[in-house]
Amino acid sequence: MKKKVIVTAIALIIVIVAVFSIATRHTSQKSETLTSGTLTIGLEGTYAPFSYRQNGKLTGFEVELSTKIAKKLGLKPKYVQTKWDSLIAGLGAKRYDVVFNNVGITPERQKNYRFSSPYIYAKTVLIKPSAATDLRTLADIKGKKMAQSTTSNFGALAKKSGAEIVAVPGITEAMNMVTTGRADGTLNDMGAYQVWKKANPSAKTTAIDLSKESPAAPAGALINKNNKTLQGKINQALADLRADGTLKSLSIKYFNTDLTVK
């Protein structure tokens with residue numbers, strides 16, 4: 001009888017341990033992503049070549065990159081499109097797990113969020129009407145109307161340089177302001193401008209490389225401050241994709257050059 005009781009007790013302990021183990025794994029998963037088995041990704045979806053729609057399908061450098069990262073994490077990618085000015089706030093409100101949107105790594109953002117290791121270095125250009133001979137350097141934008149997303153690195157740089165900021169949600173709207181004379185120019189990413197120019201070949205605009213005045217800035221995936229585990233896993237996935245040449249290959253595919261190294 002005693003032996004039977006002991007066996008029963010051992011079996012009960014095994015069941016309790018198994019249930020606890022499953023519950024612990026479930027809790028761990030829940031703490032890493034909002035939905036178990038899914039990596040919810042915030043992005044603009046209108047910022048070519050980083051993320052945009054082609055024939056109705058979401059594509060782009062960061063779409064492919066985040067899809068590959070999700071696969072390495074054993075998760076299904078789910079995309080949430082949001083305008084830039086509310087994109088970071090959406091992460092804080094837990095609308096998604098991570099933001100892949102050419103987000104510059106800055107000390108101010110690092111106070112409230114985590115970043116992955118850099119996966120691209122954005123090159124700043126001054127975009128202006130070709131006839132505007134008075135805009136040649138960063139110093140020349142002082143007092144000029146610059147169409148910028150107010151919360152972007154480019155917007156912060158324009159404001160710091162003394163420009164009058166004309167708020168826009170993204171590069172499409174910024175270029176519309178410039179080409180219609182409602183803004184003197186805009187600061188943006190070289191790759192994004194090249195894609196826009198290819199789609200608008202007759203537009204009389206010019207982009208001036210500001211690399212000497214504004215060195216290429218690192219960008220990474222933006223993650224909530226309390227999600228150190230997800231940060232570590234994304235960093236490992238990025239390291240693997242860099243090591244096997246995938247990261248460089250994606251950059252060349254979308255930018256015609258390797259922007260993954262400084």
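Values below: all heavy atoms of this structure, side chains included; hydrogens, waters and symmetry mates excluded. Heads up: numbering here begins at 1 and tracks the sequence.
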Distance-only, no hydrogens or angles: does the Ser249 side chain make a donor-acceptor pair with backbone N or O of Gly245 under 3.5 Å?
-> no
Are Ser66 and Leu39 close enough, and set up right, to give a side chain to side chain contact (heavy atoms under 4.5 Å, CB included), and what steps lead you there?
-> CA-CA 9 Å; Ser66 56; Leu39 183 66; 5.7 Å; no
Summary of salt bridge (Lys or Arg N to Asp or Glu O under 4.0 Å) pairs that have at least one residue in residues 45-74, sequence neighbours excluded | Glu64-Lys253
Examine distances only and state if a side-chain atom of Glu32 and a backbone atom of Leu230 form a donor-acceptor pair shorter than 3.5 Å.
-> no
Backbone of Gly191 reached by a side-chain donor or acceptor of Asp189 within 3.5 Å = yes
Within the side chain of Thr40, is there an N or O that forms a donor-acceptor pair under 3.5 Å with the backbone of Tyr96?
-> no
For the side chain of Asp258 and the backbone of Ser251, is there at least one donor-acceptor N/O pair under 3.5 Å apart?
-> no
Are any side-chain N or O atoms of Ser86 and backbone N or O atoms of Lys83, one a donor and one an acceptor, separated by less than 3.5 Å?
-> yes
What heavy-atom pair brings Trp84 and Thr151 nearest, and what distance separates the two atoms?
-> NE1-OG1, 2.9 Å
Backbone N or O of Leu210 within a donor-acceptor pair of the Glu213 side chain at under 3.5 Å?
-> no
In short, Ser130 meets Thr206 closest at the heavy-atom pair OG-OG1, 2.8 Å
Between the main-chain N or O of Thr38 and the side-chain N or O of Thr35, is there a donor-acceptor pair closer than 3.5 Å?
-> no
Kindly indicate whether the side chain of Ile88, heavy atoms from C-beta on, has any atom under 4.5 Å from the side chain of Leu222.
-> yes
With side chains defined as the heavy atoms from C-beta onward, is the minimum distance between Leu65 and Leu238 less than 4.5 Å?
-> yes
Where at least one partner belongs to residues 113-130, residue pairs that pass salt bridge (Lys or Arg N to Asp or Glu O under 4.0 Å), sequence neighbours excluded = none
Taking Ser149 for the side chain and Ser152 for the main chain, is one N or O donor matched with an acceptor at less than 3.5 Å?
-> no
Could you pull out every donor-acceptor pair under 3.5 Å between side chains of residues 194-204 and any protein atom, sequence neighbours left out?
residue: Lys197; atom: NZ; partner: Ala203; partner atom: O; Å: 2.4
residue: Lys197; atom: NZ; partner: Thr205; partner atom: O; Å: 3.4
residue: Asn200; atom: ND2; partner: Trp196; partner atom: O; Å: 2.8

Hey, does the side chain of Tyr47 reach the backbone of Asn102 with a donor-acceptor pair shorter than 3.5 angstrom?
-> no
